[in-house]
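Take a look at the structure set out below.
The chains referred to below are lettered A, B, ... by the order of the sequence lines, with proteins before strands, and numbering in each begins at 1.
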Protein chains: 2
Amino acid sequence: MHETFYIAIVDDHTMFRKGITALINLFPGYRVLFDAANGKDFIHQLKPPHLPDIVLLDISMPEMDGYATADWIRVNHPGICILALSTMESETAIIKMIKHGARGYILKDADPSELQLAFRESLSKGFYYNDAITGLVLQAVGDLFNNNTRELAPGKLTDRELSFVRHACSEKSYLQIARDLQVSERTVDGYRESVFKKLKVSTRVGMVLFAIRTGMVKL
Amino acid sequence: MHETFYIAIVDDHTMFRKGITALINLFPGYRVLFDAANGKDFIHQLKPPHLPDIVLLDISMPEMDGYATADWIRVNHPGICILALSTMESETAIIKMIKHGARGYILKDADPSELQLAFRESLSKGFYYNDAITGLVLQAVGDLFNNNTRELAPGKLTDRELSFVRHACSEKSYLQIARDLQVSERTVDGYRESVFKKLKVSTRVGMVLFAIRTGMVKL
DNA sequence: TGAGCATCGGGGAAAACCACCCTGTTCCTT
DNA sequence: AAGGAACAGGGTGGTTTTCCCCGATGCTCA
């Protein structure tokens, strides 16, 4: 008697989602439990205790992207194996996804047999990485040993930081923001640094996107 | 006894291709004859007189894109029904594909049932267009009659510019975007400059805010 | 008595921004 | 048929802004 493993698929393109679903249902020993258009949809459709063994997670999605969804899964259902599925071959995307807890990274133009292999490997060994990206994985692992700030604290912002963020959601330069807030350029630089750390972003655009997604600023 | 219609799929993403294949093979009365990664691959795999009734054609592909492939099919096998399959919702892409002989245009995030409907309609009526797209088709036809040169939209972005903007709504640097879009850093710099002018913004943050406010990119 | 917050500063690398330059193609108008 | 937009793609060189270290002071609160 063979055990059946359950898969969930999260991707914003319906056609791709349904296609992959049909494909996976042809794999012996695997069934698609459900599919979702984004992270929010996924969370909404999750009905414990019927959890998927593996989540196939696209990175770029509206509403709630792959990184945010991976965070949520890691916190709320650490037993679920996260496999990232993306067209992007960019190092940063891969490393970022690994840092967010993905156990594997599969390119959308890989062969379906690789997908099946990824299922097997990640369930038995706990991870699956393509030869092409193993190097990147090792580098990311190194980073985790060095400066791992793995607390995913919400990171509440202070009043000053909040008003800084609101000013930053504009075309103003940091120098202009400093003048508006009646503080020095260095002080604003300090706001930036602490906000980046708290929101876990690395660029001003990332901060703006975060602020809008979470409703910190209204448009 | 029902007749069986044969489908060919042309798309550069293997995973999507194989997924759609599995999906279509579940449709009663339809079989996937073969799938190809691009136009050249498609031509190479064609073995007359075993021709597909319908070709599902992606637009953006390496080697030989959707437009070129459509041209070739129209010239060499006019009997084959071409259905465009794309993520792009841009007017120009749709109109251009229609001009190249596509009998229908289906978005990748449409429901599979729409795909099945498109098969039925295009085989019986000779064409299939979504309600949302019919308007564009009519407008395109209208333009052919009265030389309508209205540029009602203030800053209409091209396809490349649009995908640039979408990539820019992230923490990626312009260099990374250049690599993702497979163009040089200078070219991306050109996109930036023309988009800034068209949207009347002066910084990347301004562009991101504009894109979100107008729904150019969804969050 | 640290921890966290607010405020400043220098220096430097990277990214973003800008201004001109060039090649082609396609499509439309004259 | 010729010209001119508009488009995709690439290039040099330069300024400004962002980003990220290294500090520092003083204040409050538990």
Checklist entry - So what does S194(B) touch, heavy atoms closer than 4.0 Å: a base, only the sugar-phosphate, or nothing? => result nothing
Checklist entry - Relative to each other, are the rings of Y30(B) and F119(B) parallel, tilted or perpendicular (30° and 60° limits)? => result tilted
Checklist outcome for this item: With sequence neighbours left out, the residues meeting side chain to side chain donor-acceptor pair (under 3.5 Å) with D189(A) are R192(A)
Next on the checklist: Among residues at least two apart in sequence or on other chains, which ones pass side chain to side chain donor-acceptor pair (under 3.5 Å) with S113(B)?
Outcome noted: D111(B)
Item to check | K198(B) side chain near dC7(D) phosphate (N/O to OP1/OP2, under 4.0 Å) | outcome: yes
Item to check | dT18(D) OP1/OP2 closer than 4.0 Å to side-chain N/O of R192(A) | outcome: no
Checklist entry - What pairs with K172(A) under side chain to side chain contact (heavy atoms under 4.5 Å, CB included), at least two apart in sequence or on another chain? => result H167(A), S170(A), Q176(A), I177(A), D180(A)
Checklist entry - Is there a donor-acceptor pair under 3.5 Å between the side chain of R17(A) and the backbone N or O of I9(A)? => result no
Item to check | Nearest-Å distance for atom pair OH/C1', residues Y67(B) and dC27(C) | outcome: 15 Å
Next on the checklist: In whole Å, I'd like the distance from the CZ atom of F164(A) to the C1' atom of dC5(C).
Outcome noted: 16 Å
Checklist entry - What one-letter contact string describes nucleotides 8-14 of chain D from 5' to 3', where B marks a base within less than 4.0 Å of any protein heavy atom, S marks contact via sugar-phosphate atoms alone, and - marks no contact? => result SSBBB--
Checklist entry - Roughly how many Å is it from CG in L162(A) to C1' in dC5(C), rounded to a whole number? => result 15 Å
Item to check | Gap between atoms CG and P, on L175(A) and dC8(C) respectively (whole Å) | outcome: 13 Å
Checklist outcome for this item: Taken to the nearest whole Å, NE2/H167(A) to P/dT18(D) is 14 Å
Item to check | Partners meeting salt bridge (charged side-chain N to carboxylate O under 4.0 Å, His left out) with D12(A) (sequence neighbours left out) | outcome: none
Checklist entry - ring pair (Phe, Tyr, Trp, His ring centres under 6.0 Å) with F42(A): which residues, sequence neighbours excluded? => result F34(A)
Checklist entry - Who passes side chain to side chain contact (heavy atoms under 4.5 Å, CB included) against A70(A), sequence neighbours left out? => result L57(A), I82(A), M97(A), H100(A)
Write down the protein N/O and nucleotide N/O pairs, taken from nucleotides 28-30 of chain D, whose separation is under 3.5 Å; answer none if there are no such pairs.
none

Item to check | Distance in angstrom units between E193(B) CD and dA16(C) P, rounded | outcome: 15 Å
Checklist entry - Nearest to the side chain of R204(B) - dC21(D), dA16(C), dT17(D)? => result dA16(C)
Checklist entry - Rounded to whole angstroms, how far apart are OH on Y174(B) and P on dC19(D)? => result 11 Å
Checklist entry - Can you tell me how far P of dA14(C) sits from CD of E171(B), to the nearest Å? => result 18 Å
Checklist entry - Which residues satisfy the side chain to side chain donor-acceptor pair (under 3.5 Å) test with S163(A), sequence neighbours excluded? => result none
